[in-house]
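Presented below is the structure to which this report refers.
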Amino acid sequence: CGDGLDGAYALDVNSQQQQQQAAIFEWDDLVTNGRAILTERLKQGWIMSSENCAGVNCKGTPLTGYQGGPSSCVVCGGSGSGFDGAYTALKSEEVIAAERELVT
């Protein structure tokens, strides 16, 4: 009998830690790429909104829009709600629906 931190459990914990680290690096890449996309969009005539994306990993990125169309975040690709775009890959539909109900 061990302390529960060996065998298959240890492999599972290590796998989860590696997945979390990979997710952090992916979001860092999205933020970095988002800055470049924002610059290009502004050069192309997009408008930067005074509103920021509500997504926690987007780090307050301003939303952009083109010719009166819907606003979007250059980091997550969503509408700025923090519930769509890249965030949908991280959450189940039930969680997204429950979060939407909390803010509406």
Side-chain angles (χ1 to χ4, degrees):
C1 185
D3 59 5
L5 300 176
D6 54 1
Y9 179 78
L11 293 175
D12 189 44
V13 170
N14 287 336
S15 176
Q16 289 174 353
Q17 289 172 342
Q18 289 172 348
Q19 289 174 351
Q20 290 171 348
Q21 287 290 334
I24 290 169
F25 290 129
E26 289 175 23
W27 278 106
D28 286 344
D29 289 345
L30 288 173
V31 170
T32 300
N33 292 339
R35 291 181 190 128
I37 293 169
L38 178 61
T39 300
E40 287 302 312
R41 283 187 177 183
L42 293 175
K43 287 180 184 177
Q44 295 171 2
W46 288 62
I47 304 298
M48 186 166 51
S49 171
S50 61
E51 295 181 39
N52 297 335
C53 183
V56 67
N57 293 317
C58 293
K59 301 179 182 177
T61 300
L63 300 178
T64 59
Y66 189 69
Q67 296 182 351
S71 294
S72 64
C73 175
V74 295
V75 175
C76 69
S79 65
S81 68
F83 301 119
D84 53 2
Y87 292 99
T88 58
L90 302 175
K91 301 176 184 176
S92 69
E93 289 299 318
E94 294 83 18
V95 170
I96 293 169
E99 288 176 340
R100 283 188 181 135
E101 286 181 28
L102 289 174
V103 296
T104 56

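The first residue in the sequence is number 1, and the count goes up from there. Not measured: the values here are computed from a predicted model.
Going from atom CG of L30 over to atom NZ of K59 covers 10.5 Å, rounded to the nearest 0.5 Å. Between atom CD1 of residue I47 and atom CG of residue L63 there is a gap of 13.5 Å, rounded to the nearest 0.5 Å. Here the straight-line distance linking atom CH2 of W27 with atom CG of N57 works out to 5.0 Å at 0.5 Å rounding.
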Please tabulate, one pair per line, all N/O donor-acceptor pairs under 3.5 Å involving side-chain atoms of residues 65-75, not counting sequence neighbours.
from : atom 1 : to  : atom 2 : distance (Å)
S72  : OG     : R41 : NH1    : 3.0

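The side-chain contact (heavy atoms from CB on, under 4.5 Å) test applied to T32 returns R35, not counting sequence neighbours.
When all heavy atoms of D84 and G78 are compared, the pair lying nearest together is OD1-CA, 3.3 Å.
Here the side chains of P62 and L38 are in contact, with some heavy-atom distance below 4.5 Å. Between S81 and Y87 there is no side-chain heavy-atom pair separated by less than 4.5 Å.
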